[in-house]
Amino acid sequence: MSRPPLPRIGVFVCNCGTNIARTVDCEEIACAAMEWPGVVVARAYKYMCSDPGQEMIAEEVREKRLDRVVVAACSPRMHEPTFRRALASSGLNPYLLEMANIREQCSWVHDDPRAATDKALALARAAVARVVRHEPLEKRFVPMNPATLVLGGGIAGMTAALQLADAGQPVTIVERADRLGGNVARIDLTAPHLDSARELLLGRLARVSMHPMISVLLRAELEQLEGYQGNFTADVAVEGASRRLEIGSVVVCTGYKEFDAARVEGLGYGRLPDVITSFELELMLKRGRIEMADGRTPRTVALVHCVGSRSEEYHGYCSRVCCMTALKYGHEVKSALPGAAVVDLYIDMHAFGKGCEDFYRKTAEIKTLFLMYGKNAPPVIRPAGPKDDCNLLITLDEKLSGEEIEVPADLVVLMVGMEPREDAGRVAQLVNISRDKDGWFIESHPKLDPVATTTDGIYIAGACQSPKDIPDSVAQARAAAARILAKVAKGKIEVDAIFAEVDAARCSGCRICGTMCPYGAIEYDEEQKSSRVVEASCKACGCCAAACPSLAVRARHFTDEQIFAQIEGVL
Amino acid sequence: MAFEPRIVGFLCNWCSYTGADLAGTSRIKYPPNVRVIRTMCSARIRPSFVLKALAEGADGVLICGCHPGDCHYSEGNYKTLRRQVLLKRLVAGYGIEPERVRLEWVSASEGQRFAEVVADMTERIRRLGPSRVEMLPSTRRAG
Amino acid sequence: MAVRANPRLIDELELYGAEDVQKCYHCGNCSAVCPFSREPFLFPRKSMRYLQMGLEERLAGTLEPWLCYYCGECSEQCPREAEPGETMMSIRRWLTAQYDVTGLSKLFYRSWRAELAAVLLVALLTGAGFLLFGLKYGGGSLGVYAGPGAFLPASSVHVFDWILGGTLAALLAANCARMWWLTTGRDRRVRVPLLDYVTRAFLVPLHFVTQKRYRECESKRPWAVHFALVASYLTMLVLIMLFLESLHAAPANRLAHAFGYLATAGLLGTTLYALRGRWRRATPLHRHSHETDWVFLVLLVYVAATGILQHALYRWFGLDTAANVVYIAHLMGAVPMLAVEVPFSKWSHLAYRPLAMYFADLHERALARAASPAGAQSVPAAA
Amino acid sequence: MSVAASQRVGVFLILDDGERPPARGGPPGLDLIRSYSSQLPEVVRVSTLPATPRPDPLALASAIRRDTLEAVVLAGANPGALKPAFTRAMDLAGADPARVRLARFRRGDGSDRATEAAQAAVACAVLGVPYHLATIRETRAVHAGTLVIGGGVAGIQAALEIADAGQRVVLVEKTGTLGGHMAMFDKTFPTLDCAACILTPKMVAVGQHEMIEVMTLSEVIGVDGTPGNYRVEIRNRARRVDPAACVACHACMEVCPTIVPSEFDAGIATRKAIFMPFPQAVPNAYLIDAASCVYVQTEGQRCGACVKKCAKQAIDLDAEDEVVLRDVGNIIVATGYEPFPAEQVERYGFRRYPNVLTALEFERLTNASGPTGGRIVMKTKRFNKRRKVEEWVCDPEGPQPASVAIIHCVGSRDRNHNPYCSRVCCMYSLKFAHLVREKLPDARCYEFYIDMRAFGKGYEEFFERIKEEGVAVVRGRSAKVIEKDGRMVVRGEDILGDRMLEYPVDMVLLSVGLQPSPGSADLAALLGIGRDEHGFFRELEYNADPTGTERGGIFVAGVCQGPKDIPDTVAQAAAVAARALRSVVSGIERDSSGGLTAAQVESRARELATQLAAL
């Protein structure tokens, strides 16, 4: 392992305002760096990521003829692309960059300036040692298959499909159920404008069914997904038979399922016949019969918010749509049963959308009784006694009056929250995306990139990412379509330059690497008696490189030499 | 001066490194003794990396990967787990306490957990004292 | 033990004028802007909450509505136009009905037709009664207004006044007792020692006469108007109950007359001002008018106007017959006004408000005593 | 889901709120809608209903039975409100309860266009065909360029999405830099990553993108053409500094004599007449504020000092505005918002007490790149020698507050001001509380709220965390900021604690809401798109098309359509980009924004009805 001759390294330390500079002495790092072998320039600056910061790097590269750059700043997950672009703009291969994460993993987590500066020094030193061994890598382009697979035929899936198909691109919708429409098909009216959900769906449904560019596979399930962005092969099981689809992108719109209300003991769901879920009320509304189990018309209807949501015991998150849905029920019950009283038990009223606060006020104006209960103190429902003039009694600690009260009710509707579908884990594994602690799919960045995932070519939209109402799902589905359209419009996609390669001369042909690769990206050449990596399928995990007994596999950009140098550097 | 352990951390890019970043964005404090090296997957971590670190004077090595079942590359972390068993035996064979090499699962949403793992590891190594490795045979194979 | 909520109480209160209370979403704005709202009496939000939830027993036991003077600050700044001021007003009407032992109040407030009918009935009975009395036991001739042989001798009317006053006072006293029971007597959380009842009793006349709490409102004008009205009314009451005969005496009692003029001017001025405000809906107070408010104000103007008219006809123009006719008309207004308004409607608040201040003071002391360690010790000792 | 042709349909025209049933004639347009409805062959009965009081389902049932109606159409501004009553009535009458259909329209002033649209909506409902399906129009030959109005995060995102697809974008921004309000923020909730870290790379990317033409200091002053082919007139106000030549060296600024409050710093710091809004501004160059420049104001009589100082001769004080034309296929409106002017709520004492700050002021105060370097300080009195007056300034060395109160819903959820919820204030208030606790661990911090609207991904968890950090979260929007014994006191009801609070505080932060930016009325008129009752641009359909407008090829994104947070804004901006890309990639502009006559829609609906029946 020989050191390359005379590297010319530039070290750039970012203050990040005071984010880094408050705990880490950036000037000290810059000074120390000047002493390290190969470093010809080291500078600290307020915001390295800013235009002038990037300009500074590019200028130094040009002026000092730098051939390696180290940026000590935030996490490479944040700004590595930015600085790679800066290198590229100054004519340097972008892979000749190494970042030292002195913000997320140093200045933000340590209080002692001395210790933090020492750690930052070590990290920067390691980066310098590593960057010496970097080599210029070239990105490659692969063709982009314009076809898209949409997983899930709910409102998000249909919207994404139509958006793509209207742009002239072929789409296949894979839906597990025997009909399209998802959960929206189960509701009658939408909040807050009381529009017909049926009309909304019927329009989409008609267009999807009549669209020449969309094919719909019902009772179908994705079985396997292979390949890489722009060039996936999907195996879909349709009613027992397997079909193979060639596609370029996947939009996951698998939606949600409702929380099982029976899990909350005190609400009596499943035990008390007149305690029903919101979806059961929707069915009653569609049939025009809001009735108790014995067929009588309820005089008081109670709505309980946050069933399974915002609780320590079940789901900590807010399900985002239930408040408005409950207000909608307030209107609907009063419309169908003008004499009935409506009681609404909530924690905080989340009426945040356009027109929603207005809707909340209107619901109050028609004399809905709003009762506030505490988080983690759900109301308790029990059957009323023979002397009571009602069917059920709800006990709760009412927050706005400070009174422990009981409320008479004939019918109780539980506003069940959303949770990930049971098969979300399987889907995540199939398409290779991650899930958060609640089981929702994780977007690549909530603000920068809310529809992409950690796997290129796989997008998420709708409630499978987190609870969402219809407009937000529609917007997200279209956003996913925008990403795909952008790639399709270009016709080709960049493939990351980082992948593994086999040195045929060293390879003994033991084929251990092939058994390790989760993507089947390693082929065995019978003639040469050596293994070979299919670059486009390789995802650069480096598992093969770690396993190769003869050190014939090189994980580009994560080579043994680079990591050894880094180990020496941090110690 | 009190003994400050030097620990090398190998973190997988998708879960643990992101988790460590999350600890940062959440400003969760932990001891500064771990220096992190990023790999794409915990399965990239060749046992020789660990030996190299110990040979260079590290008092401990922390390997973090995704939770079983969550690996970005499907099953890389299982491979890491299998290697870990052998690695510990190997390390013990060199006369190094096997506790100095630790494998933990930290997901992208577990910033708090990462901080706890680091704090706990630092404390344990501190109690164990400095590594007594004088010089190990180089694990590097010259090209 | 949990209290039972009643989602339908709000419908009942609507009849008393609480038309907007359902709009309240409990931001707490009103209680914080209210200059009177302080612990342990936080309002108007909390009273509104009891109303919305239908906690009837709690609502009937609240003193807070009587501590509110409807300056309108809360209604003006209410983000949801839930009209807290008007709601408090409506609760006061409802409370008046709750205190009333006869149940007539409930009838009058819920139906303005019933109230109007009652007023008319009493007016007709009064008119017929005085006419019969005048013809049969009085002077017999409408042509004589004052002196011996007067159609309605002042001494007889005076007796009638005292009988009427006594009856009304008895009714009002019964209502006040019920108010005590609902707000203080049955409330186990406040234990008021007998001594407090005695030593703090001065608060009732103090507040009755000065209305001093009203002055704490940001705008002083409503207090001034109200004070003028009450002062005029009281002056008139004193004049009629004690000096009716000297008012009627042939040689003019200048002092009594001077007070009479002053009081009449006060009554007419303030009531006309109030009527104009209600007509123009100038302030939040005037934006909502319950039918009973109109009945009350119109009666007051009518009584004041006929009162001064009969005086003028006799004193200034010497038209005895006309004066007598107007006098009967005056009584036909005054008697129903007093009979309906004092124990059963708006006028009763003259009694309830000072009483509420008195009770509130007692509550405050009792609560403070219970909260302090010394008080905590003394409670078991008392038990 | 299909419709049989022989159906007996009853149409119920529902009057608007407060409208009474007319004896004769009726409100504008209503008669025309009624007569049109009754001539449809399927319709056997047309009746008019007031919106309130709610109709009794039993009475409706007997009416349905009397006319043996098989289907019912409810038509009006908000027909859904009565649907459950009719569904029940249909069931009671023994008819199919699923056959209650809605025709939603705004009669408005009874203009021909509104009436035509209303008739079309009724026809569609009678035939059981979704309105937006029957009204789709297609335009071919779409111009490939896209105009984006507004250079905030929404505009930036939309522009990048489109440009990354290789399509040309013109980005028009009113101020001198891209970035919008987001560039002013310190941290973003709930992850607390810094706003600049997210935004500045995107700003740089826009500035450098070869497919994006950025026009700052510019405004759209005219729009002509049809969906897919618009010609836009843009006025570029003179920057007076050549951005290509300027190296941002500060020399000009140092000599400039004029000091005015800095807009970017929300007025808590000052700038010169020649200035750069902030160090990361894109384009990264100085500009001259004509309104405060002595040279411009005196028409060249005085000053001009900066010109001499500029080594690169980049300054041209006599430069003039110019008007340019651009042809585009789609227009994306992303004009954002302005914060609610807090002085309108007098009781909070904004402008009366120096240390009552609005949200944006605090964002700048706590921002590491702000005037105090991120140190949270109270304003202190300082004598201004130039103007010879005492003024309140944020001194980086100034005293720090020992207690801070944060008041939610300032100007929001309030019928006296903006009745809607501004959607972001709860979360940014929690973020402020966190920043206060983080930077001033000894300071007490109170939050006064009504409902804590922590609805997004990770928001509820953030709320829980703030509570754990020791912030006193009080339910009860505090009512008043008063002065007592020389200290500011916040008075409010603690509803959950059943107490009246009077907290003495050093600093009050007002969580002001968002409202439409001042120019949006003019822009709406210019573009021919609608606004809702609060002044935000109106989307075509709340659920089906949350980003389309009444004019095809014009879309809205971000807060100008309604308050929303950054993730939702970014998602919406990307969604709008998809709409633009869709037409550019396919060459077909497809919209259902109207423009067809009722008869045309009716005949298309009949066609569709048979097609739908076959599905």
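Proteins get letters first, then strands, A, B, ... in listed order; numbering begins at 1 in each.
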Under a 4.5 Å heavy-atom cut-off, does chain A meet the side chain of [X], its backbone, both or neither?
X        : answer
D:Leu92  : neither
D:Leu608 : side chain
D:Glu461 : side chain
D:Tyr131 : both
D:Val424 : neither

Practice problem: Evaluate side-chain contact (heavy atoms from CB on, under 4.5 Å) for D:Leu612 paired with A:Leu205, printing each intermediate quantity in order. | Solution: CA-CA 10 Å; D:Leu612 287 178; A:Leu205 211 61; over 6 Å; no

Self-check item: Test log, rule salt bridge (Lys or Arg N to Asp or Glu O under 4.0 Å), inputs A:Asp438 and D:Lys457
Solution: CA-CA 10 Å; A:Asp438 299 313; D:Lys457 201 174 183 177; over 6 Å; no

Which of [options] touches chain A most, by non-hydrogen pairs under 4.5 Å:
options                               : value
D:Ser422, D:Gly80, D:Ala557, D:Ala575 : D:Ala575
D:Gln208, D:Arg475, D:Glu533          : D:Arg475
D:Val585, D:Asp56, D:Thr52            : D:Val585

Lys/Arg-Asp/Glu bridge criterion (N-O < 4.0 Å) met for [X], [Y]:
X        : Y        : result
A:Glu357 : D:Arg415 : no
A:Lys354 : D:Glu539 : yes
D:Asp164 : A:Lys490 : no
D:Lys202 : A:Asp51  : no
D:Arg104 : A:Asp195 : yes
D:Arg101 : A:Glu199 : no

Practice problem: Begin with the C-alpha distance, continue with both residues' side-chain angles, and end with the deciding distance and a verdict on salt bridge (Lys or Arg N to Asp or Glu O under 4.0 Å) for A:Arg478 and D:Asp545. | Solution: CA-CA 10 Å; A:Arg478 287 190 174 153; D:Asp545 198 352; 3.0 Å; yes

Self-check item: Atom group of A:Ala191 that falls short of 4.5 Å from chain D, counting heavy atoms
Solution: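 Backbone only.
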
Quiz item: Checking heavy atoms, do the side chain of A:Cys74, its backbone, both or neither come under 4.5 Å from chain D?
Solution: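 Neither the backbone nor the side chain of A:Cys74 comes within 4.5 Å of chain D.
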
Quiz item: Rounded to the nearest 0.5 Å, what separation is found between the CE atom of D:Met452 and the NZ atom of A:Lys375?
Solution: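 Taking CE in D:Met452 and NZ in A:Lys375, the distance rounds to 9.5 Å.
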
Quiz item: Distance from D:Lys564 atom NZ to A:Phe352 atom CZ, nearest 0.5 Å?
Solution: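 So the gap between those two atoms works out to 11.5 Å.
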
Quiz item: Does the salt bridge (Lys or Arg N to Asp or Glu O under 4.0 Å) test come out yes or no for D:Asp91 and A:Arg287, once each step is laid out?
Solution: CA-CA 7 Å; D:Asp91 182 56; A:Arg287 292 190 183 137; over 6 Å; no

Quiz item: What residues, two or more places apart in sequence or in another chain, satisfy ring-ring contact (aromatic ring centres under 6.0 Å, His included) together with D:Tyr420?
Solution: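 D:Tyr420 satisfies ring-ring contact (aromatic ring centres under 6.0 Å, His included) with D:His534, D:Phe536 once adjacent residues are dropped.
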
Quiz prompt | By ring-ring contact (aromatic ring centres under 6.0 Å, His included) - contacts of D:Phe86 (at least two apart) | solution =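 D:Phe86: ring-ring contact (aromatic ring centres under 6.0 Å, His included) contacts with D:Phe12.
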
Exercise. Any chance you could lay out the side-chain contact (heavy atoms from CB on, under 4.5 Å) test for D:Arg88 and A:Ile290, step after step, and finish with the verdict?
Key: CA-CA 8 Å; D:Arg88 179 158 174 239; A:Ile290 304 175; over 6 Å; no

Exercise. Tell me, with the steps shown, if A:Leu162 and D:Arg590 meet side-chain contact (heavy atoms from CB on, under 4.5 Å).
Key: CA-CA 12 Å; A:Leu162 279 171; D:Arg590 191 179 278 111; over 6 Å; no

Quiz item: Is there a donor in the side chain of D:Thr188 and an acceptor in the side chain of A:Lys447, or the other way round, less than 3.5 Å apart?
Solution: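 Distance-only check passes for D:Thr188 and A:Lys447.
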
Quiz item: What's the shortest heavy-atom distance between A:Pro471 and D:Asn543, and which atoms?
Solution: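 What the structure gives for the nearest pair is CD-OD1, 3.5 Å.
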
Exercise. Check step by step if side-chain contact (heavy atoms from CB on, under 4.5 Å) holds for D:Val204 and A:Gln54.
Key: CA-CA 10 Å; D:Val204 172; A:Gln54 294 186 42; 3.9 Å; yes

